[in-house]
Amino acid sequence: MDSRGVQRWQGEWARAGLATGQRDSRRGKFYALVAYPGSSGFLHVGHLRAYAYADALHRYHRALGESVLFPFGLHASGLPAVTWARRLKARDPSVVRSLEDAGVPPPVWPALETPEEAARFLGEEYQRVLRTVGVLVDESTYLTTIDDDYRRFVQWQLRTLHAAGEVVQGSYYSAVCPVCGPIAVDASETDLDSGGDAEVIRFTLVPFRLDDGRTLLAATLRPETIYGVTNVWVAPDEELVIWHLGSEEFLIARAGGDRLVDQHGGRLGRVVPAAELVRRTVHVPITGGTVPILTSSLVDPAIGTGVVMSVPAHAPADAAAVAELSSAERDALGPPPILLDIAHDPPLTVSEEALTQGDGTPAEKALRATRARGLSDREAVEAATERLYRLEFVRGTMTVESLRGISVREARDRVAKSLADAGSSLQLQEFSKPVICRNGHAVVIRKVSDQWFLRYSDPEWKARTLEAARTLVTWPPEYAHELPGIIEWFADRPCARKGPWLGTPFPLDPSWTLEPIADSTFYMAFFIVRRFLAAGRLRPEQLTDAFFDHVFRGVGSGEPSIPAGLQAEVREEFLYWYPLDINMGGHEHKSVHFPVFVYTHARLVAPELRPRGIYVNGWITGPSGTKISKKDVSVGKGRIPSIYRALERWGPDALRLYYVSAASPSADVEWNPETVDAALARLLEVERLVRETRGQGRGPPELDAWLLSRMHQIITRVRDGLGRADLRPVAEEVYVTVPAVIRRYYARGGVAGEATDKVGRAWTLLLGPITPHLAEEVGDGRFDGLVATQPFPSPSDFPSSEPAEAREEYLQRVEDDLRAVLRPSSERGDPTPGAAIFFIASPWKAVVERWMREAVARGETPSVRAIMERVQTHPELTGYRTEIPKYVQRVAPLLRSEPAIEPPSVEEDGTLRAAEAYLVRRFGFGSVGVYPEDEGAGADPLGRRDRSRPGKPAFYLVRPGAPKGTD
RNA sequence: GCAGGGGUGGCCCAGCUUGGUCAAAGGCGCCAGGUUGAGGUCCUGGUCUCGUAGGAGUUCGUGAGUUCAAAUCUCACCCCCUGCACCA
């Protein structure tokens, strides 16, 4: 189909108003959506996968006669649009290329350089793309999260949550660019230039007091090892600075000092060379001992505070550093104390076990296990550190007196807390690697003391949410098992921030902006209201808290300025569409968006209005599962096309078929143009076949019965798959099985007639959900109105015929057997046999086989003796006394591996005779003969006739030159 | 670390919940034949190994186990991927 055809049908659907959700209380409803996209740039070929599923489901439910609503909006909040607009303004090559690719003329560009305009433009563009793919979203729902009415809505939402006590303030460490403001550090690097994979490291600071009143501040990840400190390390030639905080003077490295000022305030003062401190002693907190200050190259002044507390028994790096001291220094430190035991129950893994072998301290053993040659052997020392830290954290139990028997996990918290209680301990957070923002500034971590949070830790709210999650249906089902764990783990989340972002002013303090996740948890409800604004029946300023309370929660009498009847109608509309049947989104939503979506519904609406289903869809990835990045698309590596190029090349239907059939819905698929080619080729084949189904007159009755019966089965399976939202098997039935059935129908001697015509019509309708354009194209003129408005086929339209199916299956088995025998000889190039002589099994064999099957079903091995005893009571079998034992012995072992249920019986003789012409044509035999086994007729020089079994005739293939059978 | 997913025939990807009809669907690639009087949108067959009769052998990350029977169930191990908090 060319693009004109595609446009024609899209136009027809629009004219018919198919996409518009119509409330009809007499009918069922289906309300599902795809989590709205963010405004980070043009869509690529991966984004459409979820829409292909969702649209197919909506089309199916529409064809079932239900009212459907498929809304769409744009999540404009946050930084993505800001970044995109900025890059456009800078004429970033990849943004320029994507604009050109989308056919946006340069004169338009300057208008898109503000974040708001960029977001609005992208939202419209997304909507246009969906239209060109044939996705029927209700455009009267279209909104962006920076629209006035939407803002009023989320402000109501936040105020309501606040009134419920779920919005609180507290302190928080936040990633901030000193110039641009708060920033998201994540792997997608939306806000960043580099360092998106950086982790936040949380150090506990431990004060080691000098006699002169100043304090050396060490940074550690393992405060509980304070009991094993033998010395403090500084780097040789390091310069420390004095950090004045209150009346305290701390000595630390410059880099750490800068961070601490960001996080805790104070100021940096005079420089103090570390050399000044070496060999002086400091007091160890908690234990009260004194230890010396020594130098070692293990200290990196850029990390932590540039001061390290040395615990040689448990820290491999410290042990390695100590080993490099002079022996006098080493002796002065004494043997390092061991602080903990490793539990060996349950047994350690092999790699854990390796860490506990041999003599010495745990650190020494770990160094040995990784074959570390010394402090300079960095990789090995780090591996030892990582493995030992993990082992001790997971399995360790403290043995020092004041913490005896306590797990390392808990000891760590206790020591950190007692240091904090002593008043001089602080936390230091830093990134594991440099993080650079889009504008080239180094990103730091700052403490925000008045941060707003949503109180997801609230036990009561959590309990309700878990309750709501319990009844949720998910695709894949595993997610339903995973979800409660995620909800349990969910802690308070910041819900507002300050900075140049798009979003809604935080209602409790407008100097903050609502954070982008918090403003997108309940929007499914607002879509319904939005339609009234689109129709001009409501105005943004009428959307008051009273209105929302009434419509969504049934609380109060509503907004007085709105006519009561209209308000009641909105409420009714909400109650009609809600609950949401499916929220569909990629797996990145599993741990954040989906949980908060359930949370919010659990708090705001009545239990019967809570969401019903969550559908997690996979992505399209680059080669070897790599994420598609903007670069892949726009830089044109030639691998991943933009959606525009893809539509040009394959058209919407081939893409849609590819999306639903290339993999399981929740699995990622590698983008593979050849597979899309194959999908397109298949559609062309389907188009041809379905067109050829038109006809009149009847075919061979038995063949027609078979064809209709197969269709009965296929429709049953298709409906079942669509009902379970499992589209892959549906695609297989509609685009693979149906063509195969029709081809076989013709191959067996069927011709286009009434039967194929009926099948063709139903098939056209089956094509509708996944490939709607093709369905209209081949259905044009065949239906009264659009295919998209026709009721979905029902299996009851097609009579099921077991005998007809059994006959065809029988014939297929015979063909399989023939091929198995012919294969070796035809590979050798032997000529085709001149004739095929079939021998139909004698009726007594069916009786005997049934008895044997009964034995197998009871778990027994069929015994010759038992069978022969039974033969006594069946006079008609006694004539075969000599054959039966041989038959039982031959067939009994075969029965084990065959289906337990008996195949339906087939009138073999007649079926084979009727297929003679077919077999001659198909295999090129000169002739075919069919004889009952007992009759003695037919050439059988190899004595094959005994091999016949019920449903499996024996045969002899007459080689040219060999004696031919007599007819 | 915590949580989740995964390792299937040259490649992509089903199957595993409910063990047997699984040498394992479908697609791609490849081979042969057909159609078209010459070659990438068609049709048929083949594509683990062996085999002059419908058979046999060895396969579904590795190892062990349960079972008459395991790609499917159990256990251990190895490897890969994803998410982990202001990113929707």
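A, B, ... follow the sequence lines: proteins, then strands. Residue 1 opens every chain. Scope of the values below: all heavy atoms of this structure, side chains included, with no hydrogens, waters or symmetry mates. Values in this document were obtained by computation on a predicted structure and should not be read as measured data.
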query = Between A:Phe506 and A:Trp512, is the ring centre distance below 6.0 Å?
reply = no
message = Nearest to the A:Leu684 side chain among B:G54, B:A85, B:U41, which nucleotide is it?
response = B:U41
remark   = With the side chain defined as heavy atoms from C-beta on, A:His75 is closest, among B:A85, B:A88, B:A14, to B:A88
remark   = Of the listed B:A88, B:G54, B:C42, the closest approach to the A:Arg688 side chain comes from B:C42
ask   = Under 4.0 Å between a side-chain N or O of A:Arg743 and OP1 or OP2 of B:C43?
value = yes
query = Base, sugar-phosphate, or nothing: which does A:Glu685 touch, judged by heavy atoms less than 4.0 Å apart?
reply = sugar-phosphate
note = note: A:Arg455, atom CZ; B:A85, atom C1'; distance rounded to Å ~ 18 Å
key: A:Arg949 vs B:G54: side-chain N/O to OP1/OP2 distance below 4.0 Å   = no
request  = Given ring-ring contact (aromatic ring centres under 6.0 Å, His included), test A:Phe839 with A:Phe955 step by step and report yes or no.
outcome  = CA-CA 6 Å; A:Phe839 303 99; A:Phe955 52 79; 9.2 Å; no
message = Can you tell me whether the side chain of A:Arg682 and the base of B:G27 have a donor-acceptor pair closer than 3.5 Å?
response = no
Lys NZ or Arg CZ of A:Arg222 over A:Tyr389 ring: under 6.0 Å, within 45° = yes
task = Starting from the C-alpha separation in whole Å, work towards a yes-or-no answer on side chain to side chain donor-acceptor pair (under 3.5 Å) for A:Glu805 and A:Tyr810.
result = CA-CA 8 Å; A:Glu805 299 211 27; A:Tyr810 167 76; over 6 Å; no
C1' atoms of B:U62 and B:C78, separation to the nearest Å = 7 Å
ask   = Considering only B:C43, B:A85, B:A53, which nucleotide approaches the side chain of A:Arg493 most closely?
value = B:A85
request  = Please name all residues satisfying ring-ring contact (aromatic ring centres under 6.0 Å, His included) with A:Tyr126, sequence neighbours left out, ordered by chain then number.
outcome  = none
inquiry  = Is it the case that the base of B:G54 and the side chain of A:Arg819 share a donor-acceptor contact (distance under 3.5 Å, atom types as modelled)?
reply    = no
request  = State which of B:G26, B:C28, B:A88 makes the closest approach to the side chain of A:Glu515.
outcome  = B:A88
message = Just to be sure I follow the notation: if a pair is Watson-Crick (purine N1 to pyrimidine N3 plus N6-O4 or O6-N4) or a G-U wobble (N1-O2 and O6-N3), each under 3.5 Å, what dot-bracket string does RNA chain B give, with | for pairs to another strand?
response = ((((((((.[[[..)....(.....]]]((((((.......))))))(((....)))...[[[[[..)....]]]]])))))))....
note = Per the under-4.0 Å heavy-atom filter, residues of residues 727-734 of chain A near RNA chain B come out as A:Arg728, A:Glu732
task = Identify, between A:Arg922 and A:Ile517, the residue whose nearest nucleotide on RNA chain B lies closer to the 5' end.
result = A:Arg922
Quick one: which protein N/O atoms are closer than 3.5 Å to N/O atoms of nucleotides 3-11 of chain B? Pair and distance per line, please.
residue : atom : partner  : partner atom : Å
B:G4    : O4'  : A:Glu482 : OE2          : 3.4
B:G4    : O2'  : A:Glu482 : OE1          : 3.3

ask   = To the side chain of A:Val592, which of B:G27, B:A88, B:A53 is closest?
value = B:A88
task = Check every atom of B:C84, B:G54, B:G26 against the side chain of A:Ser591 and return the nucleotide holding the closest atom.
result = B:C84
task = Under 4.0 Å between any heavy atoms, over every strand shown, what does A:Leu680 touch: base, sugar-phosphate, or nothing? Just pick one.
result = nothing
key: Residue met sooner reading RNA chain B from 5', once A:Ser661 and A:Gln451 are mapped to nucleotides   = A:Ser661
Protein-nucleotide distance (A:Leu957, atom CG; B:A53, atom P), rounded to Å = 12 Å
request  = Rounded to the nearest angstrom, tell me the gap between atom CG in A:Leu942 and atom P in B:G54.
outcome  = 11 Å
inquiry  = The criterion is ring-ring contact (aromatic ring centres under 6.0 Å, His included); which residues satisfy it with A:Tyr456, sequence neighbours excluded?
reply    = A:Trp461, A:Phe490, A:Tyr599
message = Among residues at least two apart in sequence or on other chains, which ones pass side chain to side chain donor-acceptor pair (under 3.5 Å) with A:Glu482?
response = none
